[in-house]
Number of protein chains: 2
Amino acid sequence: MADTTQMLKGILDGCLLSIIKEGEIYGYELAAKLESYGFHSFSEGTIYPLLLRMQKEGLVSTTLRKSTAGPKRKYYSLTEKGEQELEQFIIRWTQLSSSVNNVLNKGCFRNDCC
Amino acid sequence: MADTTQMLKGILDGCLLSIIKEGEIYGYELAAKLESYGFHSFSEGTIYPLLLRMQKEGLVSTTLRKSTAGPKRKYYSLTEKGEQELEQFIIRWTQLSSSVNNVLNKGCFRNDCC
DNA sequence: AGCAGTACCTTGCATTACAAGATATATCTT
DNA sequence: AAGATATATCTTGTAATGCAAGGTACTGCT
């Protein structure tokens, strides 16, 4: 306990999908973008395996392009399957976060009371 | 992917602490309470190991009491350390959920814009 | 005795965030 | 040229944890 790492499990997937949906982006840039959204930066050892898995699952497609400084960049964009997955993630996230907020606020069994 | 189980990791801890803070409660009852808060029910194989760990870490204290029907119940209540842990969990949860919402809503870098 | 319901615990598996390190390329400095 | 620096990707091994499946134990009912 006492750190955020466990809380992230399974959540990062959806966040990556959501960022990629905004437009083609490559891994190194993704790390920076996540930080700008309020996540304390992720090591690349976290992001790249995730991207590879999502590629295997057909959620993202990739294109290699030359870089002005450094090796080739691997640009990711969302497939149709990826968009569907993102929608389902948003549903799950909404349910989860409202459940947690219910507990933390000692809320009621339904949202419409109190 | 495609299920909520990974998203829960590390979040359940805080939820248990929060429920226990409301008053003494035993494991079997906790499972039911979680469901009433909107979580689809947890198997006991999830909850008991977690409670044992939190007991070892000194976050909760336990009292055995006879039951009217069945074996003895193990009632949990929060220690001071547990309350501190809960507070820190709430901070972490708030940060995380706002970060995720930023990403999903394609929000800005700060909360005060848009 | 046998059965159902209550209540707790253990074992083994799959997933995943991450540190640490390996690899490759382009630019700048010495 | 040679080396350093920054960019960019990937691999390996570790620890944490949700959960299915199974086991134990106690009470009351038929």
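First the proteins, then the strands, lettered A, B, ... as listed; each starts at 1. This one's a predicted model, so the numbers in the text were calculated from it and none came from an experiment.
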Asker: Restricting to ring pair (Phe, Tyr, Trp, His ring centres under 6.0 Å), what partner residues turn up for Tyr75(A), sequence neighbours left out?
Answerer: Tyr26(A)

Asker: Return the value, rounded to whole Å, for the distance between atom CD1 of Ile11(A) and atom C1' of dA16(D).
Answerer: 15 Å

Asker: Please tell me whether Ser61(A) and Ser77(A) have a donor and an acceptor in their side chains that are separated by less than 3.5 angstrom.
Answerer: yes

Asker: Listed by chain and number, what are the salt bridge (Lys or Arg N to Asp or Glu O under 4.0 Å) partners of Glu87(A), not counting sequence neighbours?
Answerer: none

Asker: What is the distance, rounded to the nearest whole Å, between atom CZ of Arg73(B) and atom C1' of dC8(C)?
Answerer: 12 Å

Asker: Closest nucleotide of DNA chain C for Gln6(A) versus for Tyr28(B): which of these residues is on the 5' side?
Answerer: Tyr28(B)

Asker: In whole angstrom, what separates Leu34(A)'s CG from dC18(C)'s P?
Answerer: 10 Å

Asker: Can you pull out every ring-ring contact (aromatic ring centres under 6.0 Å, His included) where at least one residue sits in residues 53-72 of chain B? Sequence neighbours excluded, please.
Answerer: none

Asker: Consider the side chain of Arg53(A), meaning its heavy atoms from C-beta on, and name the nucleotide among dT16(C), dG18(D), dA17(C) that approaches it most closely.
Answerer: dT16(C)

Asker: Under the ring pair (Phe, Tyr, Trp, His ring centres under 6.0 Å) test, which residues partner Tyr48(A), sequence neighbours left out?
Answerer: none

Asker: Nearest-Å distance, CG (Leu52(B)) to P (dC8(C))?
Answerer: 11 Å

Asker: What is the per-nucleotide protein-contact pattern of nucleotides 19-30 of chain C, from the 5' end, where B denotes a base atom under 4.0 Å from a protein heavy atom, S denotes such proximity for sugar-phosphate atoms only, and - denotes neither?
Answerer: BB---BBSS---

Asker: Whole angstroms only, please: what is the CG-P distance between Leu12(B) and dC19(D)?
Answerer: 7 Å

Asker: In terms of the nearest nucleotide of DNA chain D, which residue is placed more toward the 5' end: Glu29(A) or Lys9(A)?
Answerer: Glu29(A)

Asker: Please report the distance, rounded to the nearest Å, between OH in Tyr76(B) and P in dA7(C).
Answerer: 13 Å

Asker: Just verifying a value: how many Å separate Asn101(B) CG and Trp93(A) CH2, rounded to the nearest 0.5 Å?
Answerer: 6.0 Å

Asker: Residues in side-chain contact (heavy atoms from CB on, under 4.5 Å) with Ser67(A), at least two apart?
Answerer: Arg73(A)

Asker: Taking OH from Tyr26(B) and P from dC9(C), how many angstroms apart are they, rounded to a whole number?
Answerer: 14 Å

Asker: For Lys74(B), answer base if it contacts any base atom (sugar-phosphate contacts may also be present), sugar-phosphate if it contacts only those atoms, and nothing otherwise; contact means non-hydrogen atoms under 4.0 Å.
Answerer: sugar-phosphate

Asker: Met7(B) has an atom CE; how far is it from atom C1' of dA17(C), in whole Å?
Answerer: 16 Å

Asker: Check every atom of dC18(C), dC10(D), dC19(D) against the side chain of Leu8(B) and return the nucleotide holding the closest atom.
Answerer: dC19(D)

